[in-house]
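Because only heavy atoms are used, hydrogens play no part in the values below, and waters and symmetry mates are left out as well, while side chains stay in.
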Number of protein chains: 2
Amino acid sequence: MKTRDKILLSSLELFNERGERNITTNHIAGHLAISPGNLYYHFRNKSDIIYEIFLEYEKLVDFYLDIPEDRAITLEDLTFYLESVFDGLWSYRFFHRDLEYLLDSDRRLRQDYREFTNRCLAAISRIFEKLAEAGIIQPQPDELRSAMSLNVWLVITNWMAFLKTAHALEESASLTLNELKQGIYQVLTLEIPYLTPEYRERVMALREKYRPRLPEAAEMEGEALRKKG
Amino acid sequence: MKTRDKILLSSLELFNERGERNITTNHIAGHLAISPGNLYYHFRNKSDIIYEIFLEYEKLVDFYLDIPEDRAITLEDLTFYLESVFDGLWSYRFFHRDLEYLLDSDRRLRQDYREFTNRCLAAISRIFEKLAEAGIIQPQPDELRSAMSLNVWLVITNWMAFLKTAHALEESASLTLNELKQGIYQVLTLEIPYLTPEYRERVMALREKYRPRLPEAAEMEGEALRKKG
DNA sequence: CTATTATTAGAGTATATACTCTAGTGAGTC
DNA sequence: GACTCACTAGAGTATATACTCTAATAATAG
């Protein structure tokens with residue numbers, strides 16, 4: 001693998017683990033056992049590394065949020081969108097943590113991120129529209145649909161911060177992808193009142209799959225597993 | 001005013017304006033025209049300053065989110081809660097910006113913040129309960145009420161970040177309290193499907209008051225004002 | 001007035017951070 | 001074998017940052 005790509009990969013990994021603020025260019029170089037000079041041969045500065053990582057993130061999400069125009073949407077599609085978005089959020093989880101600072105330090109990033117958000121909001125809104133067309137949710141007036149899409153976005157982008165700051169995460173226990181995906185439960189909560197009777201059961205069952213387990217329950221389950229094994 | 005209090009006040013002001021990450025203890029001392037030594041006489045370190053500011057924030061929100069047990073809740077109460085929460089968010093707006101880093105750097109703060117969040121969630125849930133008792137919204141099963149309260153919290157705490165990162169804020173234009181309070185529109189959006197017919201109109205009217213204005217519209221209004229003046 | 005305590009100034013320090021500069025190396029080309 | 005050129009090492013630098021230390025001054029108590 002090329003040094004340039006290794007830098008991007010290591011940076012992402014370190015940023016995700018310890019936060020962009022806590023990782024310096026020297027850390028990255030050290031982690032790869034290359035010299036700072038080498039790193040700066042490939043990237044003008046730290047911002048450039050972050051910007052390229054963002055471009056990957058953007059590409060990923062844009063790819064997954066490509067809503068088909070030619071066919072109706074299914075519940076499986078919805079699951080796929082939700083899973084994909086949270087997967088993306090997970091893979092680039094450092095990004096939202098220091099978002100404001102990052103955007104303040106890089107104008108390109110600010111501009112691109114703004115457009116990215118708008119595309120995401122449009123995609124969410126489009127999904128709502130198609131869910132209504134498919135008879136999964138009731139149709140909504142434009143204004144309500146926009147506001148709801150925005151709420152979905154707010155819940156999605158803030159769910160991880162909530163887990164990391166407010167949840168019963170003890171010192172050692174770090175966040176897992178599974179916990180993150182409990183955000184899907186929260187998102188589906190938003191849609192409950194709009195579900196059509198025909199689909200209500202099925203969506204509620206889907207939601208149930210992402211219900212957060214109480215830490216004690218999870219522990220007991222682990223206990224049971226250990227006893228079994 | 002005591003030097004100690006001046007330090008807290010200036011820190012809050014500078015943090016809010018430029019972000020905690022961008023403000024050093026030397027900046028704070030410089031801004032007050034006191035020496036770093038003086039600042040460190042009053043506070044052991046930067047974390048301590050932040051912690052004390054958090055305690056103020058906590059006290060403020062706890063005070064406003066004290067839900068009366070002895071009487072029914074009104075729509076005016078709801079408005080008051082929402083306004084107060086966003087006022088608090090505004091006054092201590094630096095806090096949520098760098099939340100994760102701050103909690104990582106200070107165990108006390110992490111612990112206290114966790115409890116704080118839980119109190120807030122409980123208060124929101126309690127408000128929903130009393131809104132149902134008052135016949136403003138339909139009663140909900142416990143599980144749904146919890147999930148909805150959490151969504152309200154996620155929307156509230158992430159609204160500012162959304163405005164700062166994704167909204168059409170141009171370079172110079174900085175966030176205003178009024179824009180922030182458009183978050184109330186988003187929160188009330190969550191409640192729409194649960195409103196009782198008796199209160200529906202009134203809540204929708206309340207919500208309308210916080211509807212975001214398009215930048216052009218706001219500008220035109222400003223234009224009109226300038227022409228008048 | 002004296003002794004003590006609270007407060008302050010200001011120079012100073014250890015470390016970190018982002019980044020630069022110079023001197024290469026090694027693989028391929030003519 | 002000379003040359004190019006992408007790539008790399010590693011020492012070095014300017015600045016920032018959080019924080020310390022000493023000495024001095026104001027405030028207060030006995």
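For the segment residues 10-19 of chain A, no residue has any heavy atom less than 4.0 angstrom from an atom of DNA chain D.
Ion pair A:Asp48/A:Arg44 flagged as a salt bridge, since at least one NZ, NE, NH1 or NH2 atom sits closer than 4.0 Å to an Asp/Glu carboxylate oxygen. No salt bridge links A:Lys164 with B:Asp104; every basic N to acidic carboxylate O contact stays at or beyond 4.0 Å.
Partners of A:Arg93 according to the side chain to side chain donor-acceptor pair (under 3.5 Å) rule, which considers only residues two or more places apart in sequence or in another chain, do not exist here.
Aromatic rings of B:Tyr57 and B:Phe116 (six-membered ring for Trp) have centroids within the 6.0 Å cut-off, being under it. In summary, the aromatic rings of A:Tyr101 and B:Tyr101 are positioned with their centroids too far apart to meet the 6.0 Å limit.
Side-chain atoms of B:Val85 and B:Tyr64, non-hydrogen and from C-beta on, never get closer than 4.5 Å to each other.
For the salt bridge (Lys or Arg N to Asp or Glu O under 4.0 Å) condition, the pairs that include at least one residue of residues 80-89 of chain B, sequence neighbours left out, are B:Glu83-B:Lys181, B:Asp87-B:Lys181. For residues 8-50 of chain A, every residue pair satisfying the ring pair (Phe, Tyr, Trp, His ring centres under 6.0 Å) rule, not counting sequence neighbours, is listed here: A:Phe15-A:Phe94.
The cationic atom of B:Arg145 (NZ for Lys, CZ for Arg) does not lie both less than 6.0 Å from the six-membered ring centre of B:Phe128 and within 45° of the ring axis.
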| request: Summarise how protein sits on nucleotides 3-20 of chain C as a single string, 5' to 3': B when a protein heavy atom is under 4.0 Å from the base, S for sugar-phosphate-only contact, - for no contact. | output: ---SBBBB------SBBB
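In this structure, a donor-acceptor pair under 3.5 Å is present between the side chains of B:Glu115 and B:Gln111.
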Below 3.5 Å between N/O atoms, which protein atoms pair up with nucleotides 24-29 of chain C? Just atom names and distances, please.
none

